[in-house]
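Atoms within each ligand, like the ligands themselves, are counted from 1 in listed order. The basis for the numbers below is simple: all heavy atoms, side chains too, and nothing from hydrogens, waters or symmetry mates.
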Amino acid sequence: MSFETKATVPSFGGRLLKLSHSSAVIGSPMALNLYLPPQASDANKVPWIFYLAGLTCTGDNGAEKGFFQAAAAQNGVAIVYPDTSPREPRYDGDDEGYDFGRAAGYYINATKAPYSATYKMESYIVEELYTALPKEFPLDPAKVGVMGHSMGGHGALTLYMKHPKKFKSVSAFAPIANPSNCHWGQKAFSGYLGDNADDWKAHDATELVKTFKGKLDVLIDVGTGDAFYKQGQLLPEHLETAAKKAGHEGVKIRFQKDYDHSYYFIATFAADHIEHHVRFLVSQDNLIDF
Ligand SMILES: N[C@@H](CCC(=O)N[C@@H](CSC=O)C(=O)NCC(=O)O)C(=O)O
């Protein structure tokens with residue numbers, strides 16, 4: 001598989017590549033952004049972090065509004081911003097709501113028709129992009145982290161716990177932390193996986209943490225002014241309680257006073273998240289003082 005570079009945008013001394021490719025997993029073209037910091041070269045393959053965006057997003061939201069590139073450049077890490085769902089073929093009703101179907105792929109492989117034919121965002125991330133990107137770009141295949149926002153925060157936490165050998169670091173902004181117990185998650189999981197709630201557990205961070213055997217050192221930020229948090233869509237306390245009960249003391253949830261769900265919140269704490277990942281991914285020789 002090869003990527004076509006549609007545009008190259010200079011950013012903080014590095015380059016943001018606007019890429020497209022024909023996805024074998026999804027079965028149609030997909031677009032994504034890749035930020036390469038100034039340290040990246042054929043002779044210096046850099047660590048990299050997936051940023052998984054939330055409902056209604058493309059790979060552009062994080063790249064344009066997340067403010068990750070400054071800290072990524074400073075620390076010599078690359079960031080991959082994938083899309084949030086397949087864009088074609090279209091299915092009846094796939095954009096009736098903002099919270100299911102297009103731009104709401106939930107980073108799982110659907111098992112229910114018709115979505116099961118192409119909605120395979122889990123395999124798209126952890127198999128296709130994970131394998132193909134380091135073959136074409138100066139990315140270290142052994143140093144990969146994952147972070148995300150809201151639906152993408154759910155994606156980051158669950159992909160990390162489902163594929164612990166693939167990711168060395170994880171963090172989340174306002175994640176949907178217990179999708180089996182909130183309206184957003186129930187709607188998505190019944191549409192993609194069917195109505196048997198037992199089948200949802202393998203894709204729910206609060207359920208996964210109960211039996212997760214690896215080491216969990218995860219940074220999570222949630223704004224106390226977040227309308228979706230107040231509505232009960234995120235349920236970070238469920239994850240916190242389950243993690244504590246399972247002995248995972250490294251699940252750190254910071255409740256940020258008054259912050260909302262927006263990219264103003266994400267941008268405020270973006271550098272903290274990059275630095276969290278750097279602790280697990282980067283050798284200190286690669287740091288640049290701007
Ligand atoms: N349109 C919806 C709200 C959609 C929304 O807020 N999406 C968030 C992610 S929510 C969880 O995954 C987002 O990131 N939006 C894009 C942005 O750039 O802010 C509604 O009407 O409530």
### Query
Who are the ring-ring contact (aromatic ring centres under 6.0 Å, His included) partners of Y35, not counting sequence neighbours?
none
### Message
Between E128 and A24 (side chain of the first, backbone of the second, donor and acceptor by atom type, cut-off under 3.5 Å), is there such a pair?
### Response
yes
### Query
Is the distance between the ring centroids of H277 and Y160 under 6.0 Å?
no
### Residue shell around ligand 1, heavy atom under 4.0 angstrom
G54, L55, T56, C57, N61, K65, Y98, H149, S150, M151, W184, F228, H261, Y263
### Message
Is it the case that the ring center of H154 lies less than 6.0 angstrom away from the ring center of Y106?
### Response
yes
### Task
Let me know which of F265, Y51, F173 forms a ring pair (Phe, Tyr, Trp, His ring centres under 6.0 Å) with H273.
F173
### Task
State which residue, out of N61, L16, V9, fulfils the side-chain contact (heavy atoms from CB on, under 4.5 Å) condition with N33.
L16
